[in-house]
Amino acid sequence: MASTYEKLLSTVKEAAHTANLAENDYISLLSPEREMHISIPVKMDNGKIKVFKGYRVQHSTLRGPAKGGIRFHQDVNIDEVRSLAAWMTFKCAVADIPYGGGKGGICVTPSHLSETELEKLTRGYTRRIVSFIGPKTDIPAPDVGTNARVMAWIADTYSTYAGEFSPAVVTGKPLPLGGSKGRVEATGRGVLFATREILKKLNKSLKDQSIAIQGLGNVGGTAADLFYKDGAKIIAVSDASGGIYSEKGLDIPQILKHKKTGKKLDSFEGDFKRITNQELLELKTDILIPSALENQITEKNAANIRASIIIEAANGPVTTEADRILEKNNIICVPDVLANSGGVIVSYFEWVQNLQGLYWTEEEVNNRLENKMIEAFRLVWDVKETYNVSMRKAAYIKALKELVETQKALNII
Ligand code: GLU
């Protein structure tokens, strides 16, 4: 079976073919520039040393420093990190922010570690990659299983080695360390902006839509909150413990309050039906927002998807084979490289603020985010119309063109 990265490559090659690009122009993008496999020994609270496996992949630095999050999850592996790094390259090009793509990860279940163990692990990981990251080379950020606290440890460890306070080495930091207002909510907020744009194109109003959200982490949780506040009816949500469904719409504020205490959905009580994550994906709903992990909609369940629109808040939730089935069934998919770019866009704003030492208000951050997302959406839509292709293919064509332009500009010298 083809790996996630191989499937991603087939998407890239198909887009290049449709756009009539010469292989010479994009072939370098098919192989990551640099991959690090690292082992991180940590003395656990019980005195035993445990060695964790970690990775950092810099897929491309063609358009600027590698940029992308660090994932802490038990399923992290090199194929996943490589794919996530490549998605960042295309995402940054679609959003037109001056970065390449990178990603990192550690194979760990963060909830099984104490705070001290997690800090040691993060600092150990940072020491292993310290010569390869930096504000102008590779800039990590949060992803699944990591947060502002983890970013603070990375910034602090890096700064110690650099011999100077270097907040711009990482984004998604806590506010007192140079974090940006609006960064925590940025991906979820961007998902809302992308949804509004697609609904405008289809002459639909958010208020009339039923929505199912898979995943209630930072992205899915924020999206649920913002969609609810915007008047949408959220009929289903889920986390790793399973999902809940109510045709009348769920009480999102109560659900989020429950989740904030660290509890799972399976201990939340109320007037709804319990469903599995799989059932959530196959619900009859107007909009489906997968906000968890990759490879959720595959050739096995794609034919059962009954949503009209899929907004990819997660990275890679729909496989290449599933994409074809969805397209045949006229299901519109707003691809990850566009739909979830709000996070990295505000990461870019954070980096700009760090380099300038000048900080923006939350309103300014959100307005700039909205403008960037609307513009990226418009440009992708134009390509879609020009080539008569899916939004995913259009996004890849747009990104490839940006990357090829940069490549050509370099070759002139
Ligand atoms: N992890 C996020 C993503 O997949 C954010 C990356 C960043 O801000 O650099 O887009």
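On a predicted model such as this, the values are computed, not experimentally measured, just so you know.
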*asked:* Go through it in stages, so that I can follow the logic: the residues are E375 and K372, the test is salt bridge (charged side-chain N to carboxylate O under 4.0 Å, His left out), and I'd like the CA-CA distance, side-chain angles, deciding distance and then a yes or no.
replied: CA-CA 5 Å; E375 180 63 1; K372 265 260 174 240; over 6 Å; no
_side chain to side chain donor-acceptor pair (under 3.5 Å), that's the test. Do T222 and E185 meet it? Break it down for me._
CA-CA 6 Å; T222 307; E185 302 82 13; over 6 Å; no
_Working for side chain to side chain donor-acceptor pair (under 3.5 Å), residues D286 and S210_ = CA-CA 5 Å; D286 296 311; S210 55; 3.2 Å; yes
*Could you walk me through whether F227 and I234 pass the side chain to side chain contact (heavy atoms under 4.5 Å, CB included) test, one step at a time?*
CA-CA 8 Å; F227 276 87; I234 301 172; 4.0 Å; yes
*Take Q209 and L199 through the test side chain to side chain contact (heavy atoms under 4.5 Å, CB included) and record every step on the way to the result.*
CA-CA 10 Å; Q209 305 295 301; L199 290 176; 4.0 Å; yes
*Take R306 and E282 through the test salt bridge (charged side-chain N to carboxylate O under 4.0 Å, His left out) and record every step on the way to the result.*
CA-CA 6 Å; R306 289 183 289 166; E282 298 178 11; over 6 Å; no
*Decide salt bridge (charged side-chain N to carboxylate O under 4.0 Å, His left out) for E197 and K201; before the verdict, give the C-alpha distance in whole Å, the side-chain angles of both, and the deciding distance to 0.1 Å.*
CA-CA 6 Å; E197 291 312 297; K201 292 285 177 205; over 6 Å; no
*Begin with the C-alpha distance, continue with both residues' side-chain angles, and end with the deciding distance and a verdict on salt bridge (charged side-chain N to carboxylate O under 4.0 Å, His left out) for E119 and R123.*
CA-CA 6 Å; E119 177 171 352; R123 289 187 185 275; 2.8 Å; yes
*asked:* Run the side chain to side chain contact (heavy atoms under 4.5 Å, CB included) test on I297 and L288 for me, step by step, so that the C-alpha distance in whole Å, both residues' side-chain angles and the decisive distance to 0.1 Å come before the verdict.
replied: CA-CA 11 Å; I297 302 175; L288 173 64; 3.9 Å; yes
*asked:* Checking F349 against V346 for the side chain to side chain contact (heavy atoms under 4.5 Å, CB included) test, could you report, in this order, the C-alpha distance in whole Å, the side-chain angles of both residues, the deciding distance, and whether it holds?
replied: CA-CA 5 Å; F349 296 161; V346 176; 4.1 Å; yes
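For D96 and R63, the salt-bridge test passes: some basic side-chain N is under 4.0 Å from an acidic carboxylate O. Between D208 and K204 there is no salt bridge, since no side-chain N of the basic residue sits under 4.0 Å from a carboxylate O of the acidic one. Between E117 and K43 there is no salt bridge, since none of the side-chain N atoms of the basic residue sits less than 4.0 Å from a carboxylate O of the acidic one. In this structure, E299 does not pair ionically with R324, as no charged nitrogen and carboxylate oxygen lie closer than 4.0 Å. In summary, R368 and E364 engage in a salt bridge, as defined by a charged side-chain N under 4.0 Å from a carboxylate O. For the pair D271 and K248, the salt-bridge criterion is met [side-chain N within less than 4.0 Å of a carboxylate O].
Remark: I154 CD1 to T146 OG1 distance equals 7.0 Å, nearest 0.5 Å. With values rounded to the nearest 0.5 angstrom, I309 atom CD1 is found 9.5 Å from T285 atom OG1. Atom-to-atom distance recorded for T171:OG1 and Y348:OH is 13.0 Å, nearest 0.5 angstrom. For the atom pair L256 CG and K260 NZ, the distance stands at 7.0 Å (nearest 0.5 Å).
Between the side chain of E312 and the backbone N or O of D336, at least one donor-acceptor pair lies under 3.5 Å. Without hydrogens or angle criteria, T406 side chain to E402 main chain gives a donor-acceptor distance under 3.5 Å. A donor-acceptor contact shorter than 3.5 Å is absent between the side chain of T386 and the backbone of K384. Side-chain N or O atoms of S241 include one that pairs as donor or acceptor with a backbone N or O of D266 at under 3.5 Å. For the pair S31 (side chain) and S28 (backbone), a donor-acceptor distance under 3.5 Å is absent. A donor-acceptor pair under 3.5 Å is formed between the side chain of H258 and the backbone N or O of K264. Between the side chain of K120 and the backbone N or O of E115, no donor-acceptor pair lies under 3.5 Å. Between the side chain of N329 and the backbone N or O of I331 there is no donor-acceptor pair closer than 3.5 Å. Between the side chain of D382 and the backbone N or O of E385, no donor-acceptor pair lies under 3.5 Å. No donor-acceptor pair under 3.5 Å is formed between the side chain of Q407 and the backbone N or O of E405.
Every residue meeting the side-chain contact (heavy atoms from CB on, under 4.5 Å) condition with T18, not counting sequence neighbours, appears here in chain and number order: Y387, V389, K393, I397.
In plain terms, the two heavy atoms of R274 and L265 that are nearest each other are NH1-O, 3.3 Å. Scanning all heavy atoms of the two residues, the minimum distance from A148 to P174 falls at O-CD, 3.3 Å. Minimum interatomic distance between I244 and F268 (heavy atoms only, all atoms of both residues): CD1-CD2, 4.0 Å. What you find for R392 and C333 is that their closest heavy atoms are NH2-SG, 3.6 Å. When all heavy atoms are compared, the tightest approach of T61 to P65 is CG2-C, 4.5 Å. Closest of all the heavy-atom pairs between S246 and L250 is CB-CD2, 3.8 Å.
A 4.5 Å side-chain heavy-atom check between S3 and E6 finds at least one atom pair inside the cut-off. Proximity of V51 to P41: side-chain heavy atoms (C-beta onward) are separated by under 4.5 Å at one or more points. Side chains of V380 and M391 form a contact here, defined as non-hydrogen atoms less than 4.5 Å apart. Between I139 and V169, every side-chain heavy-atom pair lies at or beyond the 4.5 Å cut-off.
Using cut-offs of 30° and 60° for the angle between ring planes, the Y5 and H59 rings count as perpendicular. Between H37 and Y55, the ring planes lie perpendicular to each other; the angle is over 60°, past the 30° to 60° tilted range.
Side-chain contact of S238 with N277: a donor-acceptor pair under 3.5 Å is present, judged by distance alone. Side-chain N/O atoms of S347 and R183 include a donor and acceptor closer than 3.5 Å. Looking only at atom types and distance, the side chain of T4 has no donor-acceptor partner in the side chain of E80 under 3.5 Å away. There is no side-chain donor-acceptor pair under 3.5 Å between N295 and T319. Counting only N and O atoms by type, the side chains of N340 and T187 include no donor and acceptor under 3.5 Å apart.
Counting non-hydrogen atoms of neighbouring residues, nucleotides and ligands closer than 6.0 angstrom, the CD atom of E363 reaches no more than 12 such neighbours. Annotation: N46, atom CG; neighbour count of heavy atoms from other residues, nucleotides and ligands within 6.0 Å is above 12. By the 6.0 Å contact criterion, NE2 on H17 is open, its count of non-hydrogen atoms from other residues, nucleotides or ligands being 12 or less.
Cation-pi geometry between K91 and W87 is not met at under 6.0 angstrom from the ring centre and within 45 degrees of the axis.
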Show me the side-chain donor-acceptor pairs of residues 97-110 shorter than 3.5 Å, one per line, residues at least two apart or across chains.
{"residue": "K103", "atom": "NZ", "partner": "D143", "partner atom": "OD1", "Å": "3.0"}

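Screening M88, R34, K67 for a side chain to side chain contact (heavy atoms under 4.5 Å, CB included) with Q58, the sole residue that qualifies is R34.
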